[in-house]
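What you see is a predicted model, and the numbers here were worked out from it, not measured in a lab. In this chain, residues are counted from 1 in sequence order.
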Amino acid sequence: MSVAQEANTLVATLMAMPWGQVSASVYETGRLVTLAPWLTGHHDRIDYLLSTQRPDGSWGAPDGYGVVPTLSATEALLSAGVTEAAGRGLDVLRRSLPEATDLPDMPAVDLTVPALITLINARGAGEPLPMPPGLDSSRAERLRQVMASSAEPPLKLLHALEAAGLPEGAGSSVRPNAIGTVGASPAATAAWLGTGATPGSDSARSYLEAVVARYGGPVPVGLPITVFERGWVLSWLARANIPVEVPPEMVADLQAAIGPSGTPAGPGLPADADTTSVALHALALHGMAQDPQSLLTFDTGEHFCTWPGEDGFSISVNAHVLDAFGAYAATRSDRSDAYVEVRQRVARLLADRQRPDGCWDDRWHASPYYATLSCVLALAQYGGSELAATVARAREWVLATQLPDGSWGRWEGTLEETAYAIQALLLPEVVSNRPVEERYCQAAAQGHRFIRLMRPAGEMSDHPPLWHDKDLYTPLAIVRAALLAARHLCDSAVCRSDQDVLRVLPLFHLE
């Protein structure tokens, strides 16, 4: 099957599975084991936790990413009476928590970690777990008080409502949305159901049953992610110039999703600058440019926040904001001067935040290759010639960090990160119809060989989770789009040989 055929098949799955294609989550699955043992698939969820435990007793990725899933799985197995595996998890936590001084910047980590430690210690399973330095239960307690007072909590906190430890009767101020979810989260929805609130409880149960049926027991950390998924897939396919037929109703849905204050990733979540930017960029690349004025909701005057009141800063969000404003000006000849000050300010911000080694990192993805690709593409297309040296430094970093087998990756070579690196090396020239330097082509060719040898078959579900939510996860359709973009670029990249003669690099086709 050609890349174009695969891309069209992928777009068709977006229509067929509108809630999104997302990997299962250890954290979220663990919360359902405790909060909803009555729900269909309870034993399948326990089996999932047991099958994903690592030999050392932990769950999750290195560098602090294992704390949240290990806490959740351990507490869940204690609640289910699976003591041996839970005991191994407790041993890991007693060793690691005192040294967890710099936890990854994950959403709600200051809620979930203290809440889970409190739950585990309340079970009296031996020596109490210590609280990591700098964390306490004060924020979870404030959320609990807000819920107990019947005041409506901020929309962004609904996604982690389970961390509040809600008592019975405390859910009266919250209602599931039309789909039946609270905060686009199975765990938050189950926690709300546990309060005994009745209006909307039938739809909430139906939502949970639907998610469990799709995944066979385990659940993802967030669903639906309709706008988020469609925006990323369509923008990456279009940017790589892959010929694909996009259903008109999908484009219409994207347009309708963007309101005066932007759009959320999916129902039950607050509007955010990241999803809004990528959706606007996708529309512009598909000839339906829409004024990005809604993004000004997120402008702090210095940078664009993911949502108003955000704790932290995201480099990739600001790169995507530059994409949205830049694509609007580039595709609308009558608005070529629109938002010049904003574009220049954001471009300078990206350049100023570049690390000394040439890369960027980000709060929404574990891999620097994602953040670096986001900045390289935005600056190369919309940052102006004065920032060409910034882009060049980033691509030198990509070249320098390629692994011996041709792949790229933070912890090990992965298909996803290799796809990002290939795009960073090839796409700036391809989109401007310029020849690509030989060394970039050769590095991309080695990465393409890795993809050819290692890419999984079928639905390509074998991708280590790298995207940030309460737990790391993989947006499978989005990663597949990134891989298709990398393959297409390799097949079409025009390169310059050592003799300065233009040629097409004979790379690998994967039919």
Side-chain angles (χ1 to χ4, degrees), residues 1 3-25 28-29 32 40-41 44-45 48 159 176-181 183-187 189 203-238 242 244-257 263-269 275 278-279 282-283 286 415-416 419 455-463 465-467 469 471-485:
M1 187 182 293
V3 168
Q5 289 172 319
E6 288 194 41
N8 278 282
T9 299
L10 174 60
V11 170
T13 70
L14 304 187
M15 296 296 292
M17 303 173 67
W19 282 11
Q21 301 165 52
V22 193
S23 63
S25 159
E28 204 82 0
T29 300
L32 255 65
T40 304
D44 294 319
R45 285 185 284 281
Y48 171 77
H159 187 57
N177 62 17
I179 293 174
T181 174
S185 163
T189 305
S203 63
R205 288 173 181 269
S206 296
Y207 162 77
L208 289 176
E209 294 286 357
V211 175
V212 166
R214 176 190 290 192
Y215 286 83
V219 293
V221 74
L223 208 72
I225 58 162
T226 309
V227 180
F228 172 82
E229 180 180 78
R230 291 178 177 184
W232 260 259
V233 169
L234 295 183
S235 62
W236 267 339
L237 296 180
I242 299 175
V244 63
E245 288 191 29
V246 180
E249 56 267 41
M250 187 181 295
V251 177
D253 286 347
L254 270 186
Q255 288 180 304
T263 182
L269 296 170
T275 306
V278 177
L283 288 170
H286 286 84
L415 291 163
E416 178 183 348
R455 73 184 186 112
E459 294 303 312
M460 301 175 60
S461 60
D462 187 22
H463 295 284
L466 294 169
W467 294 64
D469 201 323
D471 193 2
L472 289 179
Y473 73 102
T474 303
L476 296 167
I478 292 173
V479 171
R480 186 176 180 187
L483 279 161
L484 290 172

Rounded to the nearest 0.5 Å, what's the gap from OG1 on Thr181 to CG on Leu269? Could you check?
7.5 Å
To the nearest 0.5 angstrom, please state how far the CZ atom of Arg480 sits from the NE2 atom of His463.
9.0 Å
Does Ala204 offer a backbone N or O that forms a donor-acceptor pair with the side chain of Thr189 under 3.5 Å?
no
Kindly assign one of parallel, tilted or perpendicular to the pair Trp467 and Trp232, based on the angle between their ring planes and the thresholds 30° and 60°.
perpendicular
Just how far is it from atom CG of Leu476 to atom CD of Glu416, taken to the nearest 0.5 Å?
9.5 Å
Any side-chain heavy atom of Val11 within less than 4.5 Å of one from Pro247?
yes
Please find the pair of heavy atoms, one from Pro267 and one from Ile179, that lie closest to each other, and give the distance.
CG-CD1, 3.5 Å
Taking every non-hydrogen atom, the tightest pair across Ala7 and Ile242
CB-CG2, 3.7 Å
Start with the C-alpha gap between Asp469 and Glu28, add the side-chain angles, then the distance that decides, and say whether side-chain contact (heavy atoms from CB on, under 4.5 Å) holds.
CA-CA 10 Å; Asp469 201 323; Glu28 204 82 0; over 6 Å; no
With sequence neighbours left out, which residue pairs that include part of residues 209-222 fulfil the side chain to side chain donor-acceptor pair (under 3.5 Å) condition?
Thr40-Glu209
Are the side chains of Val251 and Leu283 in touch, meaning some heavy atoms are under 4.5 Å apart?
yes
Spatial distance of atom CG (Leu254) from atom NE2 (His286) [nearest 0.5 Å]
9.5 Å
So, for Ala485 and Trp236, which heavy atoms are closest and what is the spacing to 0.1 Å?
CB-O, 3.9 Å
State, to 0.1 Å, how close Ala477 and Leu14 come at their nearest heavy-atom pair, and which atoms those are.
CB-CD2, 3.9 Å
How long is the span from the CD atom in Glu245 to the CE atom in Met250, to the nearest 0.5 Å?
12.0 Å
Side-chain donor-acceptor distances from residues 218-229 under 3.5 Å, at least two apart:
from   : atom 1 : to    : atom 2 : distance (Å)
Thr226 : OG1    : Pro18 : O      : 2.6
Glu229 : OE2    : Gln21 : N      : 2.7

Inter-residue atom distance Thr29.OG1 - Leu32.CG, 0.5 Å rounding:
7.0 Å
Nearest heavy-atom contact between Val211 and Trp19 is CG2-CZ3, 3.9 Å
Minimum heavy-atom distance Asp44-Gly216, with the two atoms named:
CB-O, 3.4 Å
Residue set satisfying side chain to side chain contact (heavy atoms under 4.5 Å, CB included) with Ala252, at least two apart, ordered chain then number -> none
Residue pair Arg230, Met15: steps toward the side-chain contact (heavy atoms from CB on, under 4.5 Å) verdict:
CA-CA 9 Å; Arg230 291 178 177 184; Met15 296 296 292; 3.8 Å; yes
